[in-house]
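All ligand and atom numbering here is 1-based and tracks the order in the structure.
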Amino acid sequence: MKDVSGLITTRLKADHIAFLNSVAEVAAHNQVSVYVVGGFVRDLLLNIKNVDIDLVVEGDGIVFAEKLAEKFNGRTSKYKKFGTATLMLQGRPSIDVATARTESYSCPAALPDVEPSSIKQDLARRDFTVNSMAVKLSGRGTFYLIDLFGGEIDLKDGLIRVLHDQSFVDDPCRLFRAIRFEQRLEFCVNGPTKQLMRSAIKNNLIDQLSGDRLMNEMKILLSEADPVRCVDRMRELLLFQAIAPEILDDDFHWTIMNKIHSTLAWADMIPMTTKPEAWFIYFYTLFMITDDNVFKRMMMRLNFPGNIYGRMCSDRECFVEAMNDFSEERELKPSEIYNIFSKQSSEVVILLLAACSNKRMKEYVELYFKKYCASAKIELNGDDLIGMGMEPGASFKDVFKALRDARINGQVTSRDEEIDLVESLFLK
Ligand code: CTP
């Protein structure tokens with residue numbers, strides 16, 4: 001066993017060290033062995049910042065989480081079936097506390113049945129060697145690394161390797177995880193693990209994942225700093241074939257995929273009202289702008305909540321409409337540009353920028369956010385229109401649109417001119 005106390009003191013921030021020491025105190029007081037495990041240990045050895053702490057307790061993890069909550073004045077959410085709890089403390093990311101456990105799977109890809117066990121067995125149920133290390137936080141061997149499967153050597157060699165042949169059968173989500181860690185850390189999935197991945201994909205193990213779990217993995221993967229590399233790897237391993245064969249089967253979508261990163265960087269300098277969610281744009285490129293049938297099939301498969309499904313359907317319509325509008329060669333009037341963009345979510349704006357070959361596109365987006373959004377403000381309101389003798393009703397919408405268009409196009413610049421316009425267009 002290797003002493004990593006030196007790495008802890010030199011690589012972690014003071015508040016992390018203080019927290020781990022306090023965990024050790026609570027563990028000693030309650031006479032249980034506690035370990036920090038998984039990604040935190042991996043990243044400590046790689047000297048990568050990671051603030052997500054996962055604790056494993058040889059004993060009752062839920063009771064231990066409650067003790068920590070008492071000490072730090074925090075709260076817990078408990079999941080009795082799995083013997084785990086999430087500890088929420090003021091001003092720091094939540095901490096997962098688990099009872100050391102073995103897992104058995106009643107059928108492939110099902111959620112596991114769990115039983116309390118030792119740290120050794122707990123580490124043995126994990127996904128990859130580099131994620132299966134622990135650091136003891138209490139008692140004899142405090143701050144020693146527990147590395148039973150050669151995780152540290154694999155970290156040095158840059159390898160992603162499963163602990164046993166059934167790993168992807170137990171949990172097909174690990175197919176996505178393997179790709180994610182490989183691309184993020186610039187590692188390589190080792191030969192036998194890659195074989196197991198190919199056979200899991202070929203045997204359609206993905207089909208056994210619930211829509212929620214599949215969606216969750218896609219979201220996490222697309223939230224990586226460089227999701228395109230992950231997506232490329234998914235293509236190469238035919239993982240998309242297992243989800244929907246039509247995805248990314250043409251150059252158009254692949255070109256958009258590759259332009260999103262630089263488009264987002266460019267758009268970061270534009271004062272957009274809502275900042276786009278990057279993962280959602282990649283997700284849109286994969287699913288939203290595919291053909292109708294694939295889109296519907298995928299939305300059902302991913303078990304989308306009604307509100308997100310509704311948002312995607314409307315974004316999809318707006319995207320198609322805008323692509324048509326922008327395909328015209330003629331220069332668009334300011335009000336036309338405004339009316340196209342005001343319907344779009346910020347994600348669709350990025351997608352349009354990446355997808356549209358219209359050379360003026362960037363200029364239009366800049367004008368919209370920097371100029372037209374402000375000049376679209378009108379002075380007259382509903383009461384003013386009633387005061388001018390108009391009947392309240394649906395026609396007000398047309399009046400306001402006409403006023404806004406005229407403002408954006410510079411045809412009216414004051415309240416008096418707005419009144420003149422209403423009189424000439426709607427009252428004569
Ligand atoms: N784990 C696993 N199999 C999974 C998911 C998780 O074995 N399907 C284990 C791994 O040991 C992993 C740990 O649970 O390290 C924590 O999972 P998670 O927080 O999802 O991953 P991290 O390794 O912390 O990675 P990240 O940096 O992406 O948060």
For atom NZ of Lys275, decide whether the heavy atoms of other residues, nucleotides or ligands shown that lie under 6.0 angstrom number more than 12. yes
Got more than 12 heavy atoms from elsewhere within 6.0 Å of CZ, Arg360?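 Enclosed.
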Under a 4.0 Å heavy-atom cut-off, what residues line ligand 1? Gly38, Gly39, Arg42, Asp54, Arg126, Asp127, Asn131, Asp171, Arg174, Arg177, Arg180, Phe181, Arg184
Donor-acceptor pair, Ser94 side chain versus Leu87 backbone, under 3.5 Å? no
N-O pairing of Asp171 and Arg213 below 4.0 Å: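 A salt bridge links Asp171 with Arg213.
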Can you see whether Phe128 has Arg174 sitting over its ring - NZ or CZ less than 6.0 Å from the centre and within 45° of the normal?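 Judged by the rule, Arg174 and Phe128 form no cation-pi pair.
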Is there a side chain to side chain contact (heavy atoms under 4.5 Å, CB included) between Trp279 and Glu347 once you walk through the steps? CA-CA 9 Å; Trp279 80 267; Glu347 285 81 15; over 6 Å; no
